Amino acid sequence: MRRQNTRRATGHSIFKAALLAGCALAATGTAQAQVAEGEQPTTVEDEAPAADEIVVTGFRQSLEAAINLKRTSVGAIDAIVAEDIAKFPDQNLAESLQRIPGISITRDAGEGRAITVRGLSSQFTRVRVNGLETVATSTDGASANRDRAFDFNVFASELFSSIVVHKTAEASLDEGSLGAVVDLNTGNPLAAKAGFTAVGSAVVSYNDLSEYAGPRLAGLLSWRNDAGTFGVSLSAAYQKTQVLELGNNTVRWAQARFDSVNGAPCFTTSATNLTAVRNSGGVYTNGRSAACDQASLAFHPRIPRYGEVKHDRERLGITGSIQFAPTDMTKFSIDGLYSRFNSDRRERWGEVLLRSNERSIDVVNPVYDANNNMISATLNDAWVRTEHYLRESTTEFYQVGGTWDQDLSDSFRFTLLGGISKSTADIPVETTIVFDDRDAQGYSYDYTDMKRPKLTFGTSVTDPAVFQLAEIRDRPSEIVNQFKTAQLRTEWDVTDGFTVKAGVVWRRFEFDTVAFTRDTAVCGNGGLDRVLGTITCSASSVFGPTAVYGFPVTPQLSELFQLGKAGQPAGNTNAWLVPNLDATTEFTKLYSRPLALDAGNNRGVQETTKGGYLQFDAKGDLFGLEYALNAGIRYVKTEQSSYGLVGAVEATIERSYDDWLPSANLAIFPAQNLIIRAAAAEVITRPTLGSLTPGGSADGFNFRVNSGNPFLEPFRATNYDLAIEWYFAPQALLSIAGFIKNVDSFTQTAAITEATFAQTGLPVSVLNPSSPAALNPALLNQPIWTLTTPVNGTGAKLKGVEIAAQIPFSAFTDGFFGNFGILANATFIDSNADFIVQGPATTPGGALVNVTRRAALANVSKRSYNGTFYYDDGKFSARIMGTYRSRWHEGASGTGNILEGYGSQFNLDASIRYKFTEWLEVSLEGNNLTDTYRYRFTDFDADRNYENNHFGRTFFLGARFKY
């Protein structure tokens, strides 16, 4: 009988070992496949289980495969292996990853999108698909991903058979990560059983908030010849969902001067003539009205609102693999992956636009809290607004890669790897239509309960005659990421227990984004309207019911919106008119308007990396102590070219830099089931893409201009790791790991205040046409603009501890209770960095003051826990899974707030499966069973509400077939 897959596994191809583990376990139905460095898993033809051997199947089978992979690695890794072909243990790859010690996730539309590893955000994590580094960019969520972060929600989880997370660096592992390198692996037909294999699943998903039921379908076809020399596989997955996001939002809090407070005028004709000036103009009564000054210096919500975000999503994924092994010395593989992710995001809001309009607003009965927040008030002459927003987006991803594995002799071998990937995120439609009532009376808000405010409109917001169609927007854009990779890896077994590895690599990464705008306010400062030229607009200074600032709203242009269960208290206004998008876009001829370039989002970066590595692997005994180690150095040269619009001219900046990156991993085995690991490495992460391009963007509401810095240095750090692992029984593990990351510098935002817009060099066309700066050109020449640019700041230190336990009850008892088990881990992180941010103004109407705030690193939760309690007897299995993450910030906020982020989060999931026969299994799963709200704050210390939303529970009922 021909040997199958017996060529030696290499340290740098550990992701292949994980892939083989999942497929081999599926083929054999046992946990006998060993995934070891220097050993590939065997197949059922190679080795049948002994008569007295315990056969492990189902969920416990996947746990054993993952623990074997971790145990036999020299470096620190964690893995998740599918328990069967095309059967991943979670509905989302990110949600699976959060169960690994040290990993937390950020959610979008109720599902995982990006990961944080050991306190470092997704921009510090590199992701490889079948060994090739890539970036998958999603345009869904509050904003499109225009950075290096990998969006896991692009892919259906059924397409993958394993995930391997490398937490420590080694010379043969791709550079670019301060946090981790994550390998996503698809099918491997040569590791499957001989003959034809077919797997299919059909699932119905139901969300109890959207009340939508959608299909989730997956299938795999695989064939391998009896000789084990040729195999092919094809898999596909399709899913359609609808999720509602209901809740409230403030779009931050701010300080500003109001028209009057409790009847006391805040603006007068002059400093000596105290005759009140209403709604616009005049001189502020600085120091003469305590009520006005207190309101001015307190923080109020900029755009208090309730609303609904509706996510319609459709995923299609296809993978294919062809493998040919004509001899035991040679194997060729070609892998392909295609994914299409369509998403429509529709938002309907009812709000008051305090932002930049406070000058006209009268404040009555304000209430302040201990954090200097105006937490409740009644507002007259308020700017009531309703919005209807729609973004249609498509993300397409494809990757094609090829591998040639060749043994030239028993001691020398090489792997030649190459491929290309491309991720295109296209937004053909990003439309907002706005209705305004700019002199509303009796509006009140109450944020006594920050998470669940009471918002009440005093005037009718269901009467079309109250509103005018005041603003139209459309912002189509496209983001393209491309990777090209070629690598040669060689290994030479010099002697037994000593191997030399060397390789060279060439990669080219290209990032390009282009964006346009059709935005305009219907009216400027008087004259004919800017859209149809059919109405005469009032001057901007005209205020009150006679002012004309838009088209009259008719019933045909509007639709009634009813707010659902958004956590609102009794007495809240829950119904209002919003624009009918089809009618209003047709009426205004929005999509016929010419496109204007969005200067700040027309930019790109090309990075070419060239390098190589030399690594020494050794294992043996030293003074009677068994050990394994790898040590080496990696060299990489980065050639960077970035472009962006500076003024109206495209500028291109080129630069290059070199890095030498030594690393070492050591594993010591003081006892058969005990491993002590240590690692040290110098690592880098290249700067964020948005920071590297010249040119910038302008915010005409907050008088802020942001520009890039092509000369940013990469993030460089020295990492240290130490771990103890005790494998006290089959499938069992207790471990504790400590880690330290000394980061040389983190990017900071440097601010230069009191500049005019002209000094920025940007054209006025970059301003939002409806912003105060665009509507009032006099503001362009005032030194009120804040110019910001990213710079390399001070260093930071991060240290933490991971504790993990994998405890099958079979280690202590047999029978029914032996089928239970626990997976649990906890991560504790301490970090600090100095953030230079703009804090509150100290005088009414004054400039924001730069302050230094010492805090944890961005995206770092001090504590995170997750646990799984399971039962699995091979026929029936059940799991309940909980995850917790303490609050964290994302970095600098705006409008005087300091460090915005998210409150603590807890999620509870559960699943049950029953296997009727070898070919039929049914399942019921539930995600987010507690319907957890996602709370976001806009100031870490004052805990001001940014948003508080929930997404409902999602249930999955399905069946799986296997032949």
Side-chain angles (χ1 to χ4, degrees), residues 246-263 266 291-292 294-308 347-387 435-462 466-467 561 563 566-578 701 895-897 933 935-939 942-949:
L246 290 176
N248 62 80
N249 192 301
T250 65
V251 198
R252 298 196 181 101
W253 294 52
Q255 300 167 295
R257 298 174 297 186
F258 292 91
D259 185 40
S260 69
V261 179
N262 281 338
C266 299
C292 290
Q294 184 178 17
S296 171
L297 292 175
F299 280 83
H300 61 269
R302 297 170 76 227
I303 311 178
R305 60 186 184 175
Y306 272 97
E308 170 191 281
E347 304 179 13
R348 299 178 178 92
W349 298 99
E351 63 201 30
V352 163
L353 195 69
L354 283 86
R355 180 198 66 190
S356 305
N357 299 310
E358 292 91 348
R359 174 63 188 87
S360 69
I361 296 175
D362 300 310
V363 178
V364 180
N365 297 326
V367 176
Y368 305 93
D369 69 6
N371 290 316
N372 195 32
N373 300 317
M374 187 192 295
I375 57 171
S376 68
T378 297
L379 309 178
N380 294 320
D381 288 348
W383 193 320
V384 169
R385 167 170 288 188
T386 70
E387 296 185 32
F435 287 171
D436 280 349
D437 173 14
R438 299 184 178 177
D439 62 341
Q441 307 298 309
Y443 173 81
S444 67
Y445 71 83
D446 186 350
Y447 279 84
T448 302
D449 182 344
M450 268 291 175
K451 294 182 178 180
R452 293 170 175 82
K454 179 181 176 181
L455 309 180
T456 306
F457 293 86
T459 55
S460 173
V461 286
T462 59
V466 169
F467 292 105
F561 170 75
L563 181 66
Q568 69 272 35
N572 194 77
T573 299
N574 297 323
W576 53 84
L577 291 179
V578 296
F701 293 97
T895 62
N897 298 280
Y933 275 69
Y935 176 67
R936 185 179 181 185
F937 55 81
T938 192
D939 187 287
D943 198 36
R944 302 181 183 111
N945 173 313
Y946 193 117
E947 65 179 2
N948 192 41
N949 304 322

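One-based numbering along the sequence shown. Model, not experiment: these values are computed from the prediction.
The backbone N or O of Arg355 lies less than 3.5 Å from a partner atom in the side chain of Asn357, making a donor-acceptor pair. Checking side-chain atoms of Asp437 against main-chain N and O of Phe467 turns up no donor-acceptor pair under 3.5 Å. The closest donor-acceptor contact from the side chain of Glu308 to the backbone of Leu246 lies at 3.5 Å or more, if one exists at all. Within the 3.5 Å criterion, the main-chain N or O of Thr448 finds a donor-acceptor partner in the side chain of Asp446. With Asn371 contributing its side chain and Asp943 its backbone, the two residues share no donor-acceptor pair below 3.5 Å. Without hydrogens or angle criteria, Asn248 side chain to Lys451 main chain gives a donor-acceptor distance under 3.5 Å. Within the 3.5 Å criterion, the main-chain N or O of Ile375 finds no donor-acceptor partner in the side chain of His300. Looking at Thr895, its side chain never comes within 3.5 Å of a backbone N or O of Ala254 through a donor-acceptor pair. At distances below 3.5 Å, at least one donor-acceptor pair connects side-chain atoms of Arg302 with backbone N or O atoms of Val251. A donor-acceptor pair under 3.5 Å is absent between the side-chain atoms of Asn249 and the main chain of Arg305, judged by distance alone.
Using a 4.5 Å heavy-atom cutoff, the side chains of Met450 and Tyr935 are in contact. Within the 4.5 Å cutoff, the side chain of Arg252 has heavy atoms near those of the Tyr946 side chain. A 4.5 Å side-chain heavy-atom check between Arg257 and Cys266 finds every atom pair outside the cut-off. With a 4.5 Å cut-off on side-chain heavy atoms, Asp259 and Ile361 do not count as touching. Two residues are said to be in side-chain contact when any heavy atoms from C-beta on lie closer than 4.5 Å; Arg944 and Asn897 meet this criterion. With contacts defined as side-chain heavy-atom distances shorter than 4.5 Å, the pair Val367/Met374 does not qualify. At least one side-chain heavy atom of Asn365 sits under 4.5 Å from a side-chain heavy atom of Asn262. Counting heavy atoms from C-beta outward, Thr573 and Tyr306 have side chains that stay 4.5 Å or more apart.
If you look at Tyr443 and Phe457, their ring centroids are closer than 6.0 Å.
For the residue pair Pro569 and Pro453, the shortest heavy atom distance occurs at CD-O, 3.1 Å. Heavy atoms only, all atoms of each residue included: Val461 and Ala575 are closest at CG2-O, 3.5 Å. The two atoms that bring Gly896 and Phe299 nearest to each other are O-CZ, 3.6 Å, heavy atoms only. Across all non-hydrogen atoms, the minimal contact from Glu947 to Asn949 is OE1-ND2, 3.1 Å.
In this structure, the separation between NZ on Lys454 and CD on Gln568 is 12.0 Å, given to the nearest 0.5 Å. With values rounded to the nearest 0.5 angstrom, Leu455 atom CG is found 9.5 Å from Asn574 atom CG. Note that CZ of Arg348 and CG of Leu577 are 12.5 Å apart. Values are rounded to the nearest 0.5 Å. To the nearest 0.5 Å, atom CZ of residue Arg936 and atom CG of residue Asn948 are 12.5 Å apart. Atom CH2 of Trp383 and atom CZ of Arg438 lie 3.5 Å apart (nearest 0.5 Å).
Remark: of the listed residues Asp362, Asp381, Thr378, Thr459, Asp381 is the sole one forming a side chain to side chain donor-acceptor pair (under 3.5 Å) with Gln441.
Classified by interplanar angle (parallel below 30°, tilted 30° to 60°, perpendicular above 60°), the ring pair Trp253/Tyr447 is perpendicular.
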Evaluation steps, side chain to side chain contact (heavy atoms under 4.5 Å, CB included), between Leu379 and Val363: CA-CA 5 Å; Leu379 309 178; Val363 178; 4.0 Å; yes
